[in-house]
Amino acid sequence: MRFAPSPTGYLHLGGLRTALFDWLYARHTGGQFILRIEDTDQKRYNPESLQDLMEGLRWLGLHWDEGPDIGGPHAPYIQSQRQPIYQQYANWLVEHGKAYRCYTTEEELEELRARGLPYDRRHRNLTPEQRAAFEAEGRPFVIRFAAPLTGTTTVHDAIRGEITVENATIVDPVLLKSDGLPTYHLAVVVDDHLMEITHVLRGEEWIPSAPLHVLLFEAFGWSAPVFVHLPVILDPSGKGKMSKRKTVVDGREFSPFVRDYIRGGYLPDAMFNFLATMGWSFDPEREIFTREEAIERFDVADISPKATALPFSKLEWMNGVYIRQMDVVALKDAVAPFVAADLGLDVETLRRDPRLLALTPLIQERIKLLTEATALVDWAFLPAEKITYPDPTQLIGKKLTAAQSIEALEAARELIATVEPFEAATLEAAFRSRAEAMDIKLGSFLTPVRVAVTGKTVSPPLFESIHILGREETLKRLVNAIQALTAYAATAVERP
RNA sequence: GGCCCCAUCGUCUAGUGGACUAGGACUCAGCCCUUUCAAGGCUGCGACAGGGGUUCGAAUCCCCUUGGGGCUACCA
């Protein structure tokens, strides 16, 4: 098995899914997972993308057994470093009459294209004299495959069955470019043979050229690997192949790039699970499964041939599921970098902060993405002065007046100051009985307190939050809130 | 245009001639639980693209139509 991306841009989800299936099948069969870099197009090569690619694969936990950075029995694994090999095999084909030098110029090709015509095989049967003349001229040439003019070629696709095409539709593709580098077709066939690749997993956009590859394997006298053409991944809208840019659907922005999901607070395990269900199904009644379970059941023959539009809302849901499954300490550590970055804190200090550890179980079932943590816990790391009440009406409890809300805050202040021991359970008991005594709903009582303490209408469970914050800090915020609401009430009376 | 691939709820999917009044998941709606928000539980909405065959019997097999997608480079 090999994953052979071309480093021309950031790794996208389609590529990751291909790599995932490759990896799964390699692990399932006990085979090798090889990373090979197809950089034979010098014009589009982008060195940054190689780094991005490896980061993405490692993030998902897809470690390769052979590759450019770790070597292996078939090194090198970067095609631009294998140039002599391809030239050697291209020449072998020429010597055996299975390929030929073509001296057609760019302009001549352009002329054909302008008339909507394919290459006309004009140099396929050059006389020795004609060839000598071109050589004497010093004309640059490419090596083209002398494809059969008649008959058909059948490709066996592991998920679609047999695909047969007329050989005449294969018009002598270029194998070796005039710059001496191979095209994809030559490189892939030579490398897959030399690297002893048994299964080729790649996007279905390669189906049309698969017959050519079969023909090349035959020309060399090699046996072809099993072809597995993975369905394309569509835009979230379901219209068209997923673009290489961010797209907006229903007002939400979706990125095709893996890096954006790493930064976006997604968990590798969730992405793994999610991507594994795109075109493959673990079990009709189960969506969540482990890597080990997937490895055990995965088979390329079970992959669906249908193109898929990624259901991103399901990815989010799944990420939430994985977050809830996490060990608290692991989640704390995972969330720390995001919170630290948002709040301008030092990550390591934050990791050791007992408040974050105490807060983590409270937010665990409230976030779907790691990036959502900050909004839920920032108040705990901010001084009282930073908790402001730009909209004092938020301090007013449901079905309460401003005056009643102030009373509630005063009552809270008294309870916070006196409750012993200062713990969530005792605080809750005290607030419950006080609410009853004041004849208001607990929820109405708590809303002003919640906003006073956290500055927001939505927060983790209040009593635990107050306990984590501490008595003194909580008291300060209650005082500030009472002040803010009192000021508001005064102006509100003046101009109703 | 030519060649090729594909076709089950909005989306991801199960289904390989009878167990299908088509199952699961996400989303959405309602209810329950509840200190906010979540999470959780329950209920609901929702699909075999259309038409012909084959067969005692088709979501499942064949053909056509339609629709979607891909390829059509000295890019991968």
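Just so we're clear, the structure is a prediction, and the values are computed from it rather than from any experiment. A note on names: the letters A, B, ... follow the listed sequences, proteins ahead of strands, and every chain is numbered from 1.
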Spacing of the [atom1] atoms in [M] and [N] (rounded, Å):
N: A19(B); M: C64(B); atom1: P; value: 29 Å
N: G23(B); M: C45(B); atom1: P; value: 11 Å
N: A58(B); M: A22(B); atom1: C1'; value: 13 Å
N: U60(B); M: U8(B); atom1: P; value: 12 Å
N: A73(B); M: C20(B); atom1: C1'; value: 49 Å
N: C9(B); M: C71(B); atom1: P; value: 25 Å
N: G52(B); M: G68(B); atom1: P; value: 23 Å
N: G10(B); M: A47(B); atom1: C1'; value: 10 Å

Inset, instruction - From the options A76(B), C4(B), C12(B), select the nucleotide whose nearest atom is closest to the side chain of Pro311(A). - result: C12(B)
Inset, instruction - Could you check which of C4(B), A76(B), U35(B) has an atom nearest any side-chain atom of Thr183(A)? - result: A76(B)
[X] [atom1] to [N] [atom2], straight-line distance once rounded to whole Å:
X: His185(A); N: U72(B); atom1: NE2; atom2: P; result: 8 Å
X: Tyr322(A); N: C26(B); atom1: OH; atom2: P; result: 14 Å
X: Trp317(A); N: U11(B); atom1: CH2; atom2: P; result: 19 Å
X: Asp157(A); N: C6(B); atom1: CG; atom2: C1'; result: 12 Å
X: Leu234(A); N: A7(B); atom1: CG; atom2: P; result: 13 Å
X: Glu316(A); N: U27(B); atom1: CD; atom2: P; result: 9 Å
X: Phe445(A); N: U35(B); atom1: CZ; atom2: C1'; result: 11 Å
X: His213(A); N: C71(B); atom1: NE2; atom2: P; result: 14 Å

Legend entry - Within the 6.0 Å centroid threshold, strictly below: Tyr100(A) and Phe145(A): no
Assigned partner base of [N], Watson-Crick or wobble definition, under 3.5 Å:
N: U36(B); answer: none
N: G44(B); answer: C28(B)
N: G1(B); answer: U72(B)
N: U54(B); answer: none
N: G67(B); answer: C6(B)

Determine the contact category for [X]: base if any of its heavy atoms lies under 4.0 Å from a base atom, sugar-phosphate if only primed atoms, P, OP1 or OP2 are that close, otherwise nothing.
X: Pro231(A); answer: nothing
X: Ile207(A); answer: sugar-phosphate
X: Thr308(A); answer: sugar-phosphate
X: Thr40(A); answer: sugar-phosphate
X: Thr105(A); answer: nothing
X: Leu109(A); answer: base
X: Pro461(A); answer: base
X: Phe463(A); answer: base

Phosphate OP1/OP2 of [N] contacted by [X] side-chain N/O (<4.0 Å):
X: Lys306(A); N: C12(B); result: yes
X: Arg202(A); N: G70(B); result: no
X: Arg44(A); N: A76(B); result: no
X: Arg113(A); N: U72(B); result: no

So, the side chain of [X] versus the backbone of [Y]: is there a donor-acceptor pair under 3.5 Å, distance only?
X: Asn273(A); Y: Glu287(A); result: yes
X: Arg297(A); Y: Phe282(A); result: yes
X: Ser465(A); Y: Pro461(A); result: yes

[Y]/[X] salt bridge by N-O under 4.0 Å criterion:
X: Arg434(A); Y: Glu407(A); result: no
X: Glu38(A); Y: Arg36(A); result: yes
X: Glu372(A); Y: Arg366(A); result: no
X: Arg2(A); Y: Asp22(A); result: no

Legend entry - Pair Tyr77(A)-Asp191(A), side-chain donor/acceptor within less than 3.5 Å: no
Inset, instruction - Please determine, by modelled atom types, if Glu137(A) and Tyr103(A) share a side-chain donor-acceptor pair under 3.5 angstrom. - result: no
Quick one, which residues of [range] touch RNA chain B with a heavy atom under 4.0 Å?
range: residues 141-151 of chain A; answer: Val142(A), Arg144(A)
range: residues 274-286 of chain A; answer: Thr277(A), Met278(A), Gly279(A), Ser281(A), Pro284(A), Glu285(A)
range: residues 169-182 of chain A; answer: Val174(A), Lys177(A), Ser178(A), Pro182(A)

Legend entry - Glu464(A) side chain reached by His467(A) side chain, heavy atoms, under 4.5 Å: no
Inset, instruction - Find out whether Leu24(A) and Phe272(A) are in side-chain contact, i.e. whether some heavy atom of one side chain is under 4.5 Å from a heavy atom of the other. - result: yes
Legend entry - Atom pair CZ (Phe141(A)) and OG1 (Thr105(A)), whose distance is rounded to the nearest 0.5 Å: 15.5 Å
Legend entry - CZ on Arg17(A) to CE on Met271(A), rounded to 0.5 Å: 12.5 Å
Legend entry - base_contact_polar (U35(B) base, Arg450(A) side chain, donor-acceptor, <3.5 Å): yes
Legend entry - Check: Lys314(A) side chain, C12(B) base, donor-acceptor under 3.5 Å: yes
Inset, instruction - Quick one: sort the His213(A) and His185(A) rings into parallel, tilted or perpendicular, breaks at 30° and 60°. - result: tilted
Inset, instruction - Report the relative orientation of the aromatic rings in Trp206(A) and Tyr184(A); use parallel for angles under 30°, tilted for 30 to 60°, perpendicular for over 60°. - result: parallel
Inset, instruction - Take Glu204(A) and Leu446(A), find for each the nucleotide of RNA chain B with the closest heavy atom, and name the residue whose nucleotide sits nearer the 5' end. - result: Glu204(A)
Inset, instruction - Select from Thr457(A) and Ser304(A) the residue whose nearest nucleotide in RNA chain B is closer to the 5' end of that strand. - result: Ser304(A)
